[in-house]
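Written out below as structure tokens is the structure these notes cover.
Numbered from 1 within each chain, the chains take letters A, B, ... in sequence-line order. Quick note: numbers below take in every heavy atom, side chains included, and nothing from hydrogens, waters or symmetry partners.
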Amino acid sequence: MELENVNPNIYSKIDDRLITLEEEDDDVEDEFDAREIFDLIRGITDPEHPLTLEELHVLEESLIEVDNKDNIVKVLYTPTIPHCSMATLIGLSIRVKLLRCLPARFKVTVEINPGTHVSENSVNKQLADKERVAAALENVHLIKVINQCISTK
Amino acid sequence: MGKLEHIQTLTKHVGRVWNVAWHPKGEHLASCGEDKTIRIWAKEGSKWVCKAILTDGHKRTIREIAWSPCGNYLASASFDATTSIWDKRSGEFECNTTLEGHENEVKGVAWSRSGQFMATCSRDKSVWVWEVADDDEYECAAVLNAHTQDVKKVVWHPCEDLLASASYDNTIKLFREDKSDNDWICVATLESHDSTVWSISFDKTGSHLVSGSDDKTVKIWKEYKPDNSDGIPTIGNESTWKCVCTLSGYHTRTVYDVNWCKLTGLIATACGDDIVRIFKEEENDDPNAPTYTLVNSAEKSHGQDVNCVTWNPKIPGLLASCSDDGEIKLWNFVE
């Protein structure tokens with residue numbers, strides 16, 4: 001298969017989270033924060049490259065919002081090029097990873113960073129349609145590809 | 001202000017429950033979902049219990065189920081691209097017919113009031129009308145390719161053989177048979193929603209339709225017949241359907257289902273914010289601009305998204321709902 005983006009920009013990974021004493025204290029309830037969500041999904045790999053979504057700057061901690069009170073997680077991702085045909089697959093991988101990791105109480109929204117993809121609206125609509133997502137996850141071939149992408153190295 | 005009293009929670013399904021459907025006599029409830037099974041529930045003493053489990057009918061998620069008007073058959077629509085017909089005349093449910101034709105996921109199935117027709121809809125963007133012959137034969141009467149995106153739901157008019165469909169293309173379409181050449185034609189396209197229309201439901205007489213959408217609104221549509229006294233223009237012999245009321249600001253996420261009670265006139269909605277809401281039309285309002293008010297307190301009804309709500313056809317106020325959390329809940333609405 002021909003690569004769409006032969007030579008993507010590669011960025012360095014951020015340092016590991018510093019664990020505070022308070023976080024180690026079991027009596028203190030740790031709420032989910034953007035960094036924790038980022039840590040869950042930063043290792044997802046691009047379907048085209050053996051690189052992580054963090055290294056490609058598809059995912060950035062600053063584009064993740066968490067609302068613990070209303071149980072909302074919102075992730076914006078930036079495709080490496082505006083006509084990336086893998087955009088839906090990447091979004092689906094992020095969605096599946098969070099679906100499997102987060103408590104069911106969370107309502108997860110995964111959308112394209114506004115203005116970074118030519119089919120932004122149609123990709124967002126597909127990713128928000130849980131029926132389409134459910135059907136896609138029953139597709140043996142597709143789930144195999146997704147599982148490969150989200151099996152963190 | 002009314003109250004939705006919780007009666008009982010039915011927990012047997014594994015994973016998301018997509019749909020619940022009352023038998024026309026109101027004594028049985030069927031449910032289906034991600035676990036590829038159909039469960040039949042009935043009351044034993046004061047409790048609802050699972051009476052039967054129908055397995056091996058489908059290879060993938062069962063999205064929707066529908067009882068035939070006579071109550072002898074149950075149709076199931078599945079992501080495996082087929083629709084199965086279960087026959088319970090022998091006392092046991094037997095799957096004797098599997099309808100193929102759709103290219104991919106079948107998302108909805110509905111029987112016409114007369115029992116003469118059945119309709120299915122799919123991600124392949126088409127709506128199929130099946131003619132039901134006396135000897136359990138189902139013949140494809142029409143393949144309707146009017147929608148430009150996947151079709152989420154089909155429902156029939158409560159008295160006539162008029163079919164309505166809701167789609168990912170943000171529209172609702174109405175179809176009926178042109179008696180002159182037996183062709184099924186699209187007679188109306190209802191446009192007003194800004195995103196996917198997930199569900200639609202007619203009122204008792206079929207002169208109104210309610211729709212629920214991903215745009216977080218619920219809309220009420222009214223039929224204006226040719227030569228109506230309100231002066232609404234119509235084309236040919238076809239009615240004009242107009243949106244006369246938009247309920248916005250109530251639902252905070254996608255509205256997955258709407259159901260208009262044929263007994264009480266109450267509208268129930270199922271929402272992605274985990275809440276079941278009940279709406280009631282104000283008395284003495286303007287029929288051309290009706291007012292609907294929320295009549296229950298919007299409390300969490302389920303642990304996750306509510307996918308379906310349905311009023312019992314015989315017992316006023318009895319409501320069933322189901323959710324992504326795997327649960328089915330029975331409610332009694334009291335005013």
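Note that CG of Leu137(A) is 9.5 Å distant from OG1 of Thr61(B), once rounded to the nearest 0.5 Å. With rounding to the nearest 0.5 Å, the separation of OH in Tyr168(B) from CD in Glu131(A) is 10.5 Å. Summarising the geometry, atom NZ belonging to Lys107(B) is positioned 6.0 Å from atom CZ belonging to Arg132(A); distances are rounded to the nearest 0.5 Å.
When the candidates Asn104(B), Asp214(B), Asp274(B) are compared by the number of heavy-atom contacts under 4.5 Å with chain A, Asp274(B) comes out ahead.
With a 4.5 angstrom heavy-atom cutoff, Asp325(B) does not touch chain A via any of its atoms. Heavy atoms closer than 4.5 Å to chain A are found in the side chain of Glu105(B), but not in its backbone. Interface remark: Asp305(B) contributes backbone and side-chain atoms alike to the contact with chain A (heavy atom separation under 4.5 Å).
Environment of NE2 in His141(A): sparse, with no more than 12 heavy atoms of neighbouring residues, nucleotides or ligands closer than 6.0 Å. For Asp26(A), the CG atom counts as loosely surrounded, since its 6.0 Å shell holds 12 or fewer non-hydrogen atoms of other residues, nucleotides or ligands. Applying the 6.0 Å contact sphere to CD1 of Ile19(A) captures more than 12 heavy atoms from other residues, nucleotides or ligands. Open room surrounds CG on Asp56(B); 12 or fewer heavy atoms of other groups in view lie less than 6.0 Å from it. When the shell of 6.0 Å around NZ of Lys300(B) is examined, it contains more than 12 heavy atoms from other residues, nucleotides or ligands. Residue-environment remark: NZ (Lys12(B)) stays at or below the threshold of 12 foreign heavy atoms within 6.0 Å.
Here the closest heavy-atom approach between residue Ala134(A) and residue Trp18(B) is recorded as CB-CZ2, 4.3 Å. Scanning all heavy atoms of the two residues, the minimum distance from Arg60(B) to Asn139(A) falls at NH2-N, 4.5 Å. Heavy-atom minimum distance, Lys107(A) versus Gly272(B): NZ-O, 2.7 Å.
Side-chain contact between Asp129(A) and Lys152(B) is present, with at least one heavy-atom pair separated by less than 4.5 Å. By the 4.5 Å heavy-atom criterion applied to side chains, Asp80(B) and Glu138(A) are not counted as neighbours.
Contacts with chain B (heavy atom to heavy atom, under 4.5 Å) involve these residues of residues 109-121 of chain A, listed by number: Thr109(A).
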(request) Assess whether side chain to side chain contact (heavy atoms under 4.5 Å, CB included) is satisfied between Lys130(A) and Asp324(B), documenting all intermediate values. (result) CA-CA 10 Å; Lys130(A) 71 171 184 183; Asp324(B) 279 357; 3.1 Å; yes
